[in-house]
Amino acid sequence: MTRNGGRVREVSRGGIALSVALGLIAGYVDAVGFIETSGLFVSFMSGNSTQAGVELWDVGLADALLPLGLVASFVVGVALGGALGAHGTRRAWIIAAAAAAVAATAALALVPDAAWRFGLLAAAMGALNTLYLADGRARVAITYATGTLVSLGLALAALVTGRSRTAWRRPLLLWGSLAGGAVIGAAAHRALDGLALLPAAGGLAAIAITIAVTVAQAGRAGRA
């Protein structure tokens, strides 16, 4: 749900479709990033925080820098997306910027020892979480499964207690898109190796163009 002028309204079907499509791409990108970094995440920062703590004591500060850098990049991406504001064509610009970051990361795979490039992926995934904000919070968790699973558990509680029969559908659908995207991403990496990120960049670009065209058409219809 989102808030508008103090009133609560449900996310539209188009909004749900968008969040599922972005969740699929986020799972895809995270799977590729996980393989390329040998066990780190570009979408789910809980795992990186734990990994950094373990490596700090078991290996040393140098090996903890990459997971810590991914966390910092994710936060920067969220901050930039939040500052831009995800409404109208600005939502398309955020997704387009994420597409560019993903494409740049794929191109930088040709550069030796460029592990820092995964910070671009983390920033892009962080920015995507600002597309559904209300009261300073992300109402729809695009790229991380934990918040989605919490929502699913609460929705199941609502189902059992009779408060809502349908609330579980959206979080289950979003979690399924993340998991399904990860499966597709892992398969794509086997086939395309470092170029596996390019289809994700293309998917984000297509979504950005679709949103921009839809907003433009709605604007022309409103002036007609």
Side-chain angles (χ1 to χ4, degrees), residues 18-19 21-49 51-52 55 62-84 86 90-131 141-145 177-211:
L18 173 62
S19 64
L22 292 173
L24 185 73
I25 294 174
Y28 180 109
V29 168
D30 204 59
V32 174
F34 183 85
I35 296 170
E36 291 283 318
T37 60
S38 300
L40 296 178
F41 303 93
V42 296
S43 295
F44 314 136
M45 293 300 116
S46 299
N48 290 339
S49 301
Q51 187 74 11
E55 291 185 351
D63 288 277
L65 289 179
L66 181 54
L68 288 175
L70 292 175
V71 172
S73 297
F74 186 89
V75 174
V76 169
V78 173
L80 291 174
L84 183 59
R90 292 188 179 185
R91 180 175 288 175
W93 280 112
I94 290 174
I95 299 173
V102 174
T105 305
L108 288 169
L110 302 174
V111 179
D113 301 321
W116 55 269
R117 66 193 175 98
F118 295 105
L120 291 174
L121 286 185
M125 297 299 101
L128 293 182
N129 284 289
T130 67
L131 297 180
I142 298 294
T143 73
Y144 50 96
S177 69
L178 286 166
V183 172
I184 299 170
H189 188 270
R190 282 178 175 267
L192 302 173
D193 198 31
L195 298 177
L197 288 172
L198 292 180
L204 288 171
I207 292 172
I209 292 171
T210 300
I211 292 174

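Below, each value reflects all heavy atoms present in this structure, side chains not excepted, and no hydrogens, waters or symmetry copies.
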Can you list every salt bridge (charged side-chain N to carboxylate O under 4.0 Å, His left out) pair that touches residues 192-201, not counting sequence neighbours?
none
Without placing hydrogens or testing angles, list every side-chain donor-acceptor pair under 3.5 Å for residues 22-35, not counting sequence neighbours.
residue : atom : partner : partner atom : Å
Tyr28   : OH   : Ala196  : O            : 2.5
Asp30   : OD1  : Val42   : N            : 2.7
Asp30   : OD1  : Ser43   : N            : 2.6

Is the closest side-chain heavy-atom distance between Val78 and Phe74 below 4.5 Å?
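Yes, at least one pair of side-chain atoms sits under 4.5 Å.
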Check whether any side-chain heavy atom of Ile184 lies under 4.5 Å from a side-chain heavy atom of Pro199, and answer yes or no.
no
Nearest-0.5 Å distance, [atom1] of residue [X] to [atom2] of residue [Y]:
| X | Y | atom1 | atom2 | result |
| --- | --- | --- | --- | --- |
| Phe44 | Thr143 | CZ | OG1 | 6.5 Å |
| Leu192 | Leu197 | CG | CG | 10.0 Å |
| Leu131 | Asn129 | CG | CG | 8.0 Å |
| Ser19 | Leu128 | OG | CG | 11.5 Å |
| Ile95 | Ile211 | CD1 | CD1 | 3.5 Å |

Apply side chain to side chain contact (heavy atoms under 4.5 Å, CB included) to Leu68 and Asn48, showing your working.
CA-CA 7 Å; Leu68 288 175; Asn48 290 339; over 6 Å; no
Please tabulate, for side-chain N and O atoms in residues 100-125, each donor-acceptor pair with protein atoms closer than 3.5 Å (sequence neighbours left out).
residue : atom : partner : partner atom : Å
Thr105  : OG1  : Ala101  : O            : 2.8
Thr105  : OG1  : Arg117  : O            : 3.4
Arg117  : NH1  : Thr105  : O            : 2.8
Arg117  : NH2  : Glu36   : OE1          : 3.2

State, to 0.1 Å, how close Met45 and Leu70 come at their nearest heavy-atom pair, and which atoms those are.
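Closest approach of Met45 to Leu70, heavy atoms only: SD-O, 3.6 Å.
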Which heavy-atom pair separates Ala99 from Ala205 by the least distance, and what is that distance?
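Looks like CB-N, 3.7 Å.
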Quickly, which of Ile142, Ile94, Leu84, Leu80 forms a side chain to side chain contact (heavy atoms under 4.5 Å, CB included) with Thr130? Name it, please.
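Output: one option passes, namely Ile94.
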